[in-house]
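Notes for the one structure printed next.
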Amino acid sequence: MARPEKLIFICVNERAPGHKESCGGGHDSAAIGQAFKQCLKKRGLNHHIRASMTTCLGPCIGGPHAVVMPDNVWYSGFGLDDVEEILTSHLVGGKPVERLLAPNPEKTDV
Ligand code: FES
């Protein structure tokens, strides 16, 4: 099997209920990950673009979080309704969805 051209890793890390630093639970991250997988398969793209659910990616607060590789483009605070746009615009079209990008930690004081 050929290596995929792009990968999107979606954090589905679960912490204790009510914990604010978690991508799981109330953020629907597992459903989002499944939606990416289903959309890619439905379009016949799942061999070129892979969606993978993963544990903590690091930023935690303001999730869910995802990163597209090899682009090193990070998304945060998105939802199920944004899956098609990220897939079409970025994963297929190569244009990141600006309004959903995670803040660049090198450009902030956090
Ligand atoms: S819990 Fe998702 S990035 Fe840390």
For the atom pair CE (M53) and CZ (F9), what is the distance rounded to the nearest 0.5 Å? 12.5 Å
I49 versus L91, closest heavy-atom pair with distance: CD1-O, 3.3 Å
Verify whether the ring centers belonging to H65 and F78 lie closer than 6.0 Å. no
Looking at SG of C39 and CD of Q34, how far apart are the two atoms once the value is rounded to the nearest 0.5 Å? 11.0 Å
Heavy atoms only: give me the nearest C60-C23 pair and the separation to one decimal. O-SG, 4.4 Å
Are any non-hydrogen side-chain atoms of L45 and R50 less than 4.5 angstrom apart? no
I8 and side-chain contact (heavy atoms from CB on, under 4.5 Å): which single residue from V68, T54, V83, L87 fits? V68
In terms of heavy-atom contacts, S76 and P103 come closest through OG-CD, 3.9 Å
F36 versus A51, closest heavy-atom pair with distance: CB-CB, 3.7 Å
Validation row: V73, H90 side chains within 4.5 angstrom (heavy atoms): yes
Do you know which two heavy atoms are closest between D71 and K6, and how far apart they sit? OD2-NZ, 2.7 Å
Can you tell if the side chain of P4 reaches within under 4.5 Å of the side chain of H47, non-hydrogen atoms only? no
Are S52 and L7 close enough that some pair of their side-chain heavy atoms sits under 4.5 Å apart? no
Is the closest side-chain heavy-atom distance between L100 and I86 below 4.5 Å? yes
For residues S29 and I10, report the shortest heavy-atom separation together with the two atoms involved. O-CG2, 3.9 Å
Check against side-chain contact (heavy atoms from CB on, under 4.5 Å), L101 and Y75: CA-CA 4 Å; L101 295 180; Y75 289 99; 3.6 Å; yes
Residue pair R43 / V92, side-chain heavy-atom distance below 4.5 Å: yes
